[in-house]
Structures are given as C-alpha cells and as structure tokens.
Number of protein chains: 2
Amino acid sequence: MTSARSSDPSSSPTAELAFLLAQVGAHAAARFAERLAPLKLLPPHAGILRAVGQSDGLSQAALSERLGMFPSRLVVLLDALEERGLLERRSTPEDRRSYALHLTRAGKEMVQQIGRVAEEHKEALCAALDGAEQAQLAALLRRIADEQALTAGVHPGYRKLGRGRPADPDG
Amino acid sequence: MTSARSSDPSSSPTAELAFLLAQVGAHAAARFAERLAPLKLLPPHAGILRAVGQSDGLSQAALSERLGMFPSRLVVLLDALEERGLLERRSTPEDRRSYALHLTRAGKEMVQQIGRVAEEHKEALCAALDGAEQAQLAALLRRIADEQALTAGVHPGYRKLGRGRPADPDG
DNA sequence: TATTGTTATACTCTATAACTATA
DNA sequence: TATAGTTATAGAGTATAACAATA
C-alpha cells in the first residue's frame with residue numbers, strides 16, 4: 001500500500017493531482033493543528049490573531065466578514081482569546097454597540113510564536129524538497145489560489161458553508 | 001484583500017507555503033464535494049467505492065483498517081451504498097461473521113463516473129496551469145506525500161483522529 | 001426599523017461503548 | 001476468550017434563530 005500510487009485514478013497522467021492536493025493539504029492542516037496544540041490554540045484562534053494583528057482595531061462584524069465566519073461563532077473564539085489576555089475588546093465612543101479589537105502585548109508575542117511554529121511546520125512538511133523546489137511549489141500554488149480567487153490568509157475551514165455538506169474530504 | 005498575499009507571514013520567502021497547501025487543499029476538497037453532490041455521494045462514499053473497486057471482496061474490517069475508519073462509521077456508509085444498489089455484502093462460507101464487499105454493475109459504472117467528475121474537477125481547479133506545470137506540481141506533491149508516508153488514495157478526512165482536535169483548518 | 005454583539009438552540013458528524021453472533 | 005459487524009449513545013463543532021442594546 002506504499003507505492004500503489006500509480007494504479008489508482010482514472011485517465012490522464014495528472015488525474016490524481018486534485019486528490020493529491022486535497023490529501024497533502026489536509027495532512028498539512030492536521031499537522032499544523034498539532035503544533036498549535038502546545039500553545040493551547042486552535043487553528044481558528046491563530047487565524048483570528050493574525051487577522052487582528054494585520055488590521056488592528058477592526059470590529060467583530062468586519063472580522064467575521066473578512067474570515068467568512070458567523071458572528072456568533074466568532075464570539076466564542078474571541079471570548080477564549082480575551083480570557084487569556086491575548087486580545088481585548090475596547091468599546092468605541094463612536095458606536096457604543098460595537099467593539100474595536102486589539103492585540104495585547106502577549107497577543108503580539110503569540111503571533112510571533114505562531115510564525116515560528118508555522119516556519120518549523122513548513123520545514124518539516126516539505127522536508128522532501130530543497131529550497132528552490134519549495135519556491136517552485138509555492139509559485140504554482142499561488143497561481144492556483146489567485147485564479148480560484150481564494151482570499152489571502154483565509155482558510156476555507158473558517159468559512160460559513162453555503163448550506164449543505166461540510167467542506168469534506170477528497171478532492 | 002486580493003493581493004495582500006505578500007504581506008502575511010513570518011520570515012522566509014516560502015513561509016506561507018504550508019498555509020497555501022492547506023488552503024488550496026481544503027478548497028479542492030470542498031469543490032470536489034460539490035461536484036459529487038449531483039451523484040448523491042459524499043466524499044467518503046467515493047473513497048469506499050474506489051477502494052472496493054480496487055480490492056474486490058475484502059471484508060469490512062479490512063476496509064476500515066485500510067481507510068483508517070472506525071468500523072461503526074463504515075457500517076452507515078455501506079448501508080447507504082448497498083441500499084442504492086452500488087455495492088453488496090456477500091456472506092462468506094468460511095467465516096459467517098464477516099461479509100465480502102463487492103461492487104455491483106451499477107457500482108462499477110459509478111466508479112467510472114466518479115473518475116470523470118474527478119478529471120473535470122482537476123481541470124477546473126488547475127485551470128491556471130498548463131499541462132507541463134500540472135505534471136510538475138503533481139511530481140512535487142507526490143514527493144511530499146511519499147516522504148510524509150501518506151497512504152495512496154486515503155484522504156486524512158477518512159481517518160480516525162488520534163483522540164484530540166479534528167483535522168482542522170490552517171496549515 | 002436596522003445593526004452590533006450575545007445567548008440559546010438545533011443539527012450534523014463522528015467517536016465510544018455496549019451488544020449479537022459467530023469463532 | 002476473541003473477533004466481525006451492528007446498534008445506541010454521547011460528544012464536538014458549527015449553523016440558525018431569538019434577543020438586548022444601540023443607532
């Protein structure tokens with residue numbers, strides 16, 4: 001079962017490519033989640049910290065819009081981050097209904113640490129490839145991502161799914 | 001938000017590579033699930049049909065082992081496939097506890113159709129790349145998959161997850 | 001009347017455990 | 001006593017709906 005990779009799919013020589021993408025991608029996501037675990041963070045937490053770090057002071061509505069996440073889901077995730085002192089909700093004078101989200105000092109440090117973890121993760125994941133090959137792979141993926149209109153830094157797992165099956169296996 | 005892809009991540013030029021893999025991979029999986037929907041199949045169904053097609057007559061225990069799926073989960077999926085006449089459980093004389101799984105005529109045709117859908121899916125997903133580039137991408141991914149010891153044709157989404165967080169977002 | 005954020009509820013998916021029938 | 005398959009239960013995770021405060 002180790003090298004039967006040739007005998008699988010249907011027709012064209014790259015027919016398995018889409019499956020390979022989904023397979024390696026899911027593996028990458030799972031491994032990253034494992035590396036995040038010691039930091040007591042789930043992937044969506046990391047995504048939020050990164051987004052807030054990039055757009056300091058944005059509202060929950062704006063953030064949920066950007067990440068394609070339901071506001072009600074965001075609340076729970078933000079609660080956890082605020083409780084840990086990584087992020088704070090500051091009430092704004094302009095509109096007393098909404099909060100401006102800011103990273104704390106600890107939050108900024110956590111973002112740094114996530115960056116380091118991501119780098120280690122990438123290195124372990126792509127150990128089979130040298131630097132030039134990694135750059136090549138990144139370039140190809142970026143072109144797919146752009147053509148498919150994927151938003152930079154937004155994982156589909158964050159998204160509210162259009163009423164139907166969850167963004168499931170295979171591919 | 002369309003080309004901020006440069007300003008995200010941490011340090012190295014390919015730091016975003018792992019995220020890109022997870023992002024594109026999840027996108028691929030979601031799009032494939034959509035293409036499967038008209039066939040009234042979920043991705044795990046397709047995975048099962050393919051596996052049984054490759055190893056006609058295997059038992060549920062063997063199949064659940066191969067796909068890394070809990071036997072109890074397999075039951076429900078097989079029920080649906082059998083009900084639709086795509087697959088059958090034949091009792092074997094040797095061991096009356098177990099069943100040998102076989103594709104029906106309709107099941108084999110469905111496998112063909114899944115292959116066609118997969119091909120269309122790949123073509124749409126990788127529209128940004130020409131044939132040579134697709135082959136290049138596939139080769140790079142295959143090397144990662146091999147080095148990371150991923151089993152051919154088995155999506156991590158099938159797997160029983162080692163007691164912890166689900167194979168989640170990011171990467 | 002519409003919007004921000006929140007709470008409460010329901011639904012889906014999947015893991016765990018308990019059970020039967022064989023062996 | 002152990003194994004194949006099944007059923008039943010419970011636990012995550014996430015979408016939907018209802019709500020209070022403000023605009």
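So that the names make sense, note that chain A is the first sequence line, chain B the second, and so on, each numbered from 1.
Backbone-only engagement by Ser59(A) is indicated by non-hydrogen atom pairs under 4.0 Å involving sugar-phosphate atoms exclusively.
Nearest to the side chain of Val75(A), among dT6(C), dT4(C), dA23(D), sits dT6(C). Out of dT6(D), dG5(C), dA23(D), the shortest distance to the side chain of Asp95(A) is found at dA23(D). With dT16(C), dT22(D), dT4(C) as the candidates, the nucleotide lying closest to the side chain of Phe70(B) is dT16(C).
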- Intermediate values then yes/no, salt bridge (Lys or Arg N to Asp or Glu O under 4.0 Å), Glu82(A) and Arg84(A): CA-CA 5 Å; Glu82(A) 191 169 30; Arg84(A) 289 179 57 188; over 6 Å; no

- Message: Walk me through whether Glu147(B) and Arg143(B) qualify under salt bridge (Lys or Arg N to Asp or Glu O under 4.0 Å).
- Response: CA-CA 6 Å; Glu147(B) 193 273 336; Arg143(B) 282 172 55 199; over 6 Å; no

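Taking atom CD of residue Glu94(B) and atom P of nucleotide dA23(C), one finds them 11 Å apart after rounding to whole Å. Separating the CG atom of Leu42(A) from the C1' atom of dT14(D) is a distance of 13 Å, rounded to the nearest angstrom. In this structure, CD of Glu82(B) is placed 12 Å from C1' of dG5(D), rounded to the nearest angstrom. Remark: P of dT6(D) and CD of Glu83(B) are 13 Å apart, rounded to the nearest angstrom. Remark: P of dT4(C) and CG of Leu74(A) are 13 Å apart, rounded to the nearest angstrom. dT3(C) atom P lies 19 Å from atom OH of Tyr99(A), rounded to whole Å.
In this pair, His155(A) and Phe19(B) present their aromatic rings perpendicular. The plane angle is above 60°, beyond the 30 to 60° band.
Counting heavy atoms from C-beta on, the side chains of Phe32(B) and Val117(B) come closer than 4.5 Å.
Map Ser72(A) and Arg97(A) each onto its nearest nucleotide of DNA chain D; the residue landing nearer the 5' end is Ser72(A).
Checked by distance alone, Arg73(A) brings no side-chain donor or acceptor within 3.5 Å of a matching partner on the base of dT14(D).
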